[in-house]
K.L.:
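Handing you this structure, nothing more for now.
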Protein chains: 2
Amino acid sequence: MKYKSFAHMNCSIAQTLEIIGERWTLLILRDAFRGVRRFEDFLQTGMSRNVLTERLKNLVDQEIMDKQPIDGKSSEYLLTKKGLQLQPVLLSITHWGDKHMANPKGIRTIFVEKKTGKPIAPMSAYSNDGRALKPNEIAIKAGPGSTTS
Amino acid sequence: MKYKSFAHMNCSIAQTLEIIGERWTLLILRDAFRGVRRFEDFLQTGMSRNVLTERLKNLVDQEIMDKQPIDGKSSEYLLTKKGLQLQPVLLSITHWGDKHMANPKGIRTIFVEKKTGKPIAPMSAYSNDGRALKPNEIAIKAGPGSTTS
DNA sequence: CAGTATCCTACGTGATACTG
DNA sequence: CAGTATCACGTAGGATACTG
């Protein structure tokens with residue numbers, strides 16, 4: 001019995017997890033957002049070579065990262081536009097962890113707007129006119145793609 | 001060789017993944033946000049009983065969900081406040097999946113503000129004065145908790 | 001209905017050696 | 001430096017039977 005795939009589920013969360021939900025993958029993406037580009041540098045996070053190879057291959061296949069040759073022997077891995085759009089996912093996870101598993105010495109990573117140097121707003125759902133919404137202020141409606149038949 | 005734990009890493013993402021990064025866990029949370037409360041209903045997502053049991057136990061241990069007895073034999077699982085605060089994570093993943101793995105028939109799930117019935121704004125980072133920020137407009141700074149020593 | 005308990009096995013992981 | 005290849009191992013996952 002193989003592991004069940006999430007890919008067939010008609011659900012954005014399930015299908016997304018099928019791509020980025022594997023062990024180590026989100027840590028690789030975290031590193032990429034921090035500027036890591038090279039194979040040996042990604043390795044520092046702690047996974048073994050074969051795992052990194054396989055994860056990077058998947059990310060490239062999914063067009064989340066792009067592999068660019070540098071000089072014939074080396075390559076760099078860069079986030080594509082599709083990959084960059086995962087930033088809210090990483091930011092949301094980071095904020096939750098900051099809140100619930102804080103380092104006693106204080107916050108570990110601060111996200112600031114480059115232009116102003118000011119910290120960004122906490123990740124949250126917002127109304128279309130910019131009010132932060134609490135979880136219980138949001139309802140879920142089925143859209144046209146909600147059925148498979 | 002056991003699987004390496006992420007828990008010791010001084011990183012909010014790694015520590016959060018240690019809790020909610022296991023297979024099936026985010027799908028259980030997705031169901032919970034949609035109103036699922038009962039063991040047998042969570043099962044419908046497709047995992048087997050022993051896995052669901054173990055995942056729910058972890059979520060309760062981490063105070064992400066709360067197990068409440070109903071009538072001596074049945075129980076319900078409800079998201080705690082800590083669990084509800086994972087909503088931005090789920091929303092971000094959903095939005096990304098909606099964009100990059102769309103169902104050809106249209107969007108599957110629409111999140112609306114209860115009060116107005118209007119769709120919420122797309123998940124994004126925002127500046128502290130409410131402007132949506134693109135990934136490359138954000139910089140990362142080390143905070144006081146960034147070092148372990 | 002809500003679990004608990006077993007059993008089996010494929011797969012993911014980790015380590016390491018090796019290559020260009 | 002950037003992988004590829006191989007191997008051994010544990011365990012996560014799945015199926016299912018059983019209990020209160």
Side-chain angles (χ1 to χ4, degrees), chain A residues 1-9 14 17-32 35-62 64-79, chain B residues 1-9 14 17-32 35-62 64-79:
Chain A
M1 345 267 143
K2 301 185 177 180
Y3 292 0
K4 289 187 182 176
S5 167
F6 295 169
H8 71 283
M9 302 181 189
L17 288 178
E18 187 74 15
I19 296 175
I20 62 165
E22 288 179 302
R23 213 172 147 72
W24 296 109
T25 297
L26 280 173
L27 296 185
I28 293 170
L29 291 172
R30 171 202 66 183
D31 290 345
V36 173
R37 301 176 172 197
R38 307 292 285 266
F39 188 91
E40 301 289 325
D41 295 331
F42 284 113
L43 267 188
Q44 303 310 311
T45 296
M47 81 207 85
S48 55
R49 294 173 171 276
N50 55 345
V51 173
L52 178 57
T53 298
E54 196 257 354
R55 295 292 186 277
L56 286 173
K57 196 168 297 178
N58 285 349
L59 290 170
V60 170
D61 283 350
Q62 295 294 332
I64 289 171
M65 301 194 81
D66 191 31
K67 180 177 183 175
Q68 295 180 343
I70 298 187
D71 57 11
K73 46 174 73 171
S74 297
S75 297
E76 322 189 289
Y77 294 88
L78 297 175
L79 289 163
Chain B
M1 346 263 140
K2 302 185 176 180
Y3 292 1
K4 288 188 183 177
S5 167
F6 296 168
H8 71 283
M9 301 181 190
L17 288 177
E18 188 74 15
I19 297 174
I20 62 164
E22 287 179 303
R23 212 172 148 73
W24 294 110
T25 298
L26 279 173
L27 296 185
I28 293 170
L29 291 173
R30 171 202 67 182
D31 290 345
V36 173
R37 302 175 171 198
R38 308 292 285 265
F39 190 90
E40 302 288 326
D41 294 330
F42 284 114
L43 266 188
Q44 302 310 311
T45 295
M47 81 206 87
S48 54
R49 294 173 170 275
N50 55 346
V51 173
L52 177 58
T53 298
E54 196 257 355
R55 294 294 187 276
L56 286 173
K57 196 169 298 179
N58 286 348
L59 289 169
V60 170
D61 284 349
Q62 295 293 333
I64 289 171
M65 300 194 82
D66 191 31
K67 180 176 183 176
Q68 295 181 342
I70 298 186
D71 57 12
K73 46 174 72 171
S74 298
S75 297
E76 340 186 276
Y77 295 88
L78 296 176
L79 288 163

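These numbers come from a predicted model, not from an experiment. Convention: sequence-line order gives letters A, B, ...; per-chain numbering from 1.
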K.L.:
Could you please name the option among D/dG3, C/dA2, C/dG12 that lies closest to any side-chain atom of B/Arg38?
P.N.:
C/dA2
K.L.:
Picking from B/Ile20, B/Thr45, B/Leu52, what satisfies side chain to side chain contact (heavy atoms under 4.5 Å, CB included) with B/Ile28?
P.N.:
B/Leu52
K.L.:
With distance as the sole test, does B/Thr25 use its side chain to make a donor-acceptor pair with the main-chain N or O of B/Gly21 at under 3.5 Å?
P.N.:
no
K.L.:
Please determine whether a side-chain nitrogen or oxygen atom of A/Trp24 lies at a distance below 4.0 Å from atom OP1 or OP2 of C/dG14.
P.N.:
yes
K.L.:
Considering only side-chain heavy atoms of B/Val51, which listed nucleotide, D/dG13, C/dG14, C/dA17, is closest?
P.N.:
D/dG13
K.L.:
Using a distance-only criterion (donor-acceptor N/O pair, under 3.5 Å, no hydrogens), is the base of C/dG14 paired with the side chain of A/Asn50?
P.N.:
yes
K.L.:
Base, sugar-phosphate, or nothing: which does A/Phe42 touch, judged by heavy atoms less than 4.0 Å apart?
P.N.:
nothing
K.L.:
Using whole Å, what does the distance between atom P of nucleotide D/dA2 and atom CD of A/Gln44 come to?
P.N.:
11 Å
K.L.:
In whole Å, what is the span from the CG atom of B/Leu56 to the P atom of C/dC1?
P.N.:
16 Å
K.L.:
For the pair made of CZ in B/Phe6 and C1' in C/dG14, what is the distance, rounded to whole Å?
P.N.:
13 Å
K.L.:
Determine, step by step, whether B/Glu54 and B/Asn50 satisfy the side-chain contact (heavy atoms from CB on, under 4.5 Å) criterion, reporting the C-alpha distance in whole Å, the side-chain angles of both residues, the deciding distance to 0.1 Å, and the verdict.
P.N.:
CA-CA 6 Å; B/Glu54 196 257 355; B/Asn50 55 346; over 6 Å; no
K.L.:
Would you kindly give the OH-to-P distance between B/Tyr3 and C/dG14, to the nearest whole Å?
P.N.:
8 Å
K.L.:
Side chain of A/Glu40 only, please: which of C/dT4, D/dG14, D/dC1 is the nearest?
P.N.:
D/dC1
K.L.:
Please tell me which of the listed nucleotides, D/dA12, C/dC1, D/dG3, lies nearest to the side chain of B/Ser74?
P.N.:
C/dC1
K.L.:
Determine whether B/Gln44 and B/Val36 make a side-chain contact, defined as any pair of heavy atoms from C-beta on separated by less than 4.5 Å.
P.N.:
no
K.L.:
Considering only side-chain heavy atoms of B/Lys67, which listed nucleotide, C/dA15, C/dC1, C/dG3, is closest?
P.N.:
C/dG3
K.L.:
For D/dC7, give the paired nucleotide (Watson-Crick: N1-N3 plus N6-O4 or O6-N4; G-U: N1-O2 and O6-N3; both under 3.5 Å), or none.
P.N.:
C/dG14
K.L.:
Between A/Lys57 and B/Arg55, name the one whose nearest nucleotide on DNA chain D is closer to the 5' end.
P.N.:
A/Lys57
K.L.:
Just to confirm, is there a sub-4.0 Å distance from OP1 or OP2 of D/dG3 to any side-chain nitrogen or oxygen of A/Tyr77?
P.N.:
yes
K.L.:
Rounded to the nearest angstrom, tell me the gap between atom CE in A/Met65 and atom C1' in D/dA2.
P.N.:
15 Å
K.L.:
Is a side-chain N or O of B/Glu76 found less than 3.5 angstrom from the main chain of B/Gln68, in a donor-acceptor match?
P.N.:
no
